[in-house]
Protein chains: 2
Amino acid sequence: MTARRLHQKRRQRPAPGLEDVVFLNLMRTTDALLREVEETLKPAGLSHTQYNVLRILRGAGPQGLACREIGERMLTRDPDITRLLDRLEAHGLVTRQRERTDRRVVNTRITPQGLRILEKLDEPIAELHRRQLRHLRAPRLQSLVRLLEQAREGRP
Amino acid sequence: MTARRLHQKRRQRPAPGLEDVVFLNLMRTTDALLREVEETLKPAGLSHTQYNVLRILRGAGPQGLACREIGERMLTRDPDITRLLDRLEAHGLVTRQRERTDRRVVNTRITPQGLRILEKLDEPIAELHRRQLRHLRAPRLQSLVRLLEQAREGRP
DNA sequence: TGACAATAGTCGTTATAACAGATATAGTTG
DNA sequence: CAACTATATCTGTTATAACGACTATTGTCA
């Protein structure tokens with residue numbers, strides 16, 4: 001047994017388990033892909049969170065959504081939807097309006113300008129994702145999706 | 001063909017490709033797992049980025065590392081290592097010292113206190129990861145790792 | 001109805017991330 | 001060796017995220 005770099009402290013730490021390796025790879029891969037997405041969004045002046053919210057609002061259609069519902073649909077939960085929407089509203093990409101029936105809720109809708117920005121981004125983003133994952137053929141992508149779903153199964 | 005919710009705008013958007021679904025699931029899964037990790041780190045007063053850096057420094061051993069090297073090893077690239085280390089230094093978890101041979105570089109080392117904190121977290125974090133992924137047996141975890149590696153292949 | 005809890009969102013504050021430019025030191029080359 | 005380029009880090013600034021406390025409105029039930 002060669003002794004090179006066997007610091008006494010090191011030996012005490014158990015070897016990293018497979019689960020830790022999964023987590024590490026998840027982080028690295030997500031970070032790598034996300035970075036390129038943000039690069040693509042930068043010219044439009046959107047963060048990926050803002051982009052995500054705009055897509056949610058487009059998906060919701062003309063009747064709009066309440067803050068809470070937006071929060072529930074987001075990819076990466078943000079505890080402060082209010083100010084996120086403030087910024088989008090300041091840029092004219094969404095409008096807000098208090099609900100008349102229940103005056104607690106504020107309804108948010110995407111504006112035509114917001115829709116235009118999204119439309120201009122649709123194809124570049126789809127193209128990017130295709131390029132990012134072009135190494136993998138459909139069956140592998142499907143396994144990946146299935147494994148990712150399973151990985152977060154049994155969780156609130 | 002039923003007409004319910006066929007808004008004219010909707011039809012124009014192409015159905016989301018498989019690659020988009022992969023990306024969505026990556027984001028969701030990473031977010032879900034990371035959230036619980038941060039929950040576990042909170043009592044120790046560390047963000048996951050800080051935790052990551054401490055682990056890198058522990059791995060580097062007593063000779064320490066330069067900022068740039070830390071940056072290269074991080075899971076999620078941070079453009080401002082300086083202030084991240086400032087905070088860790090303020091909490092007494094790392095020390096910094098200008099290199100004598102090359103006075104441009106600043107060497108950062110983890111302190112005994114930093115090591116103690118890490119040691120207290122090692123088992124809870126490993127346990128969490130095991131729990132998070134207990135649905136999946138080793139072969140699946142291995143496929144997942146392989147697919148994640150492939151997904152970020154051919155990239156800087 | 002009137003007190004109380006639940007819900008929806010907002011605001012103040014601090015911490016951290018992102019971006020751009022500045023500073024100091026080291027290598028390189030005519 | 002002087003000028004130039006590259007490297008390593010730092011600083012100023014703005015934007016965003018995270019955490020709590022706070023307000024307004026609605027629902028519930030004695």
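Keep in mind it's a predicted model, so treat the numbers as computed, not measured.
Using a 4.0 Å heavy-atom criterion, one finds that A:Thr76 contacts no nucleic acid atom at all. Nucleic acid contact class of B:Ser47 (heavy atoms, under 4.0 Å, all strands): none. Nucleic acid contact for A:Thr108: none, since no nucleic acid atom lies under 4.0 Å from a heavy atom of the residue.
A salt bridge does not link A:Arg146 with A:Glu149: none of the charged nitrogens is closer than 4.0 Å to a carboxylate oxygen. Of the charged side-chain nitrogens involved, at least one lies within less than 4.0 Å of a carboxylate oxygen, so that A:Glu72 and A:Arg68 count as a salt-bridged pair. Taking the charged nitrogens against the carboxylate oxygens, A:Asp122 and A:Arg55 have no contact shorter than 4.0 Å, which rules out a salt bridge.
Phosphate contact (OP1/OP2 of C:dT10, side-chain N/O of A:Arg96, threshold under 4.0 Å): present. Contact check, B:Lys42 against D:dA18: no side-chain N or O comes under 4.0 Å of OP1 or OP2. For C:dA24, the OP1/OP2 oxygens have no side-chain nitrogen or oxygen of B:Arg103 closer than 4.0 Å. Regarding contacts with the backbone of D:dT11, every side-chain N or O of B:Thr82 stays at 4.0 angstrom or more from both OP1 and OP2.
A:Asp78 places its CG atom 16 Å from the C1' atom of C:dA8, with the value rounded to the nearest Å. Atom CG in B:Leu34 sits roughly 13 Å away from atom C1' in D:dA17 (whole-Å rounding). Between B:Leu41 atom CG and D:dA18 atom C1' the separation is 15 Å, expressed in whole Å. The distance between atom CG of A:Asp80 and atom P of C:dG9, rounded to the nearest whole Å, is 12 Å. Across the protein-nucleic acid pair, B:Glu72 atom CD and D:dA8 atom P stand 9 Å apart, rounded to whole Å. Spacing between atom CG of B:Leu85 and atom P of D:dC10 amounts to 8 Å, rounded to whole angstrom units. Remark: P of C:dT10 and CD of A:Gln97 are 13 Å apart, rounded to the nearest angstrom. Going from atom CG of A:Asp86 over to atom P of D:dT14 covers 19 Å, rounded to whole Å.
A 6.0 Å sphere centred on CZ of A:Arg96 holds more than 12 heavy atoms belonging to other residues, nucleotides or ligands.
Nearest-nucleotide assignment on DNA chain D puts the 5′-proximal partner with A:Leu84, out of A:Leu84 and A:Arg98. Comparing A:Val106 and B:Gly45 along DNA chain C, the residue whose closest nucleotide (by nearest heavy atom) sits nearer the 5' end is A:Val106. Taking for each of B:Asp102 and A:Arg100 the nucleotide of DNA chain D with the nearest heavy atom, the 5'-most of the two is the partner of B:Asp102.
Taking 3.5 Å as the limit, the base of D:dG12 and the side chain of B:Arg83 contain a donor-acceptor pair of atoms between them.
If you check D:dT9, C:dT16, C:dG9 against the side chain of B:Gln50, the one that comes closest is C:dT16. Looking at the side chain of B:Arg104, the nearest of the listed nucleotides D:dT16, C:dA24, C:dG12 is C:dA24.
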Cut-off 3.5 Å, no hydrogens considered: what does the side-chain donor-acceptor table look like for residues 16-25 of chain A, sequence neighbours left out?
{"residue": "A:Asp20", "atom": "OD1", "partner": "A:Gly17", "partner atom": "N", "Å": "3.4"}
{"residue": "A:Asn25", "atom": "OD1", "partner": "B:Arg152", "partner atom": "NH1", "Å": "3.0"}
{"residue": "A:Asn25", "atom": "OD1", "partner": "B:Arg152", "partner atom": "NH2", "Å": "3.1"}
{"residue": "A:Asn25", "atom": "ND2", "partner": "A:Val21", "partner atom": "O", "Å": "3.0"}

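Between the side chain of B:Arg98 and the backbone N or O of B:Val106, no donor-acceptor pair lies under 3.5 Å.
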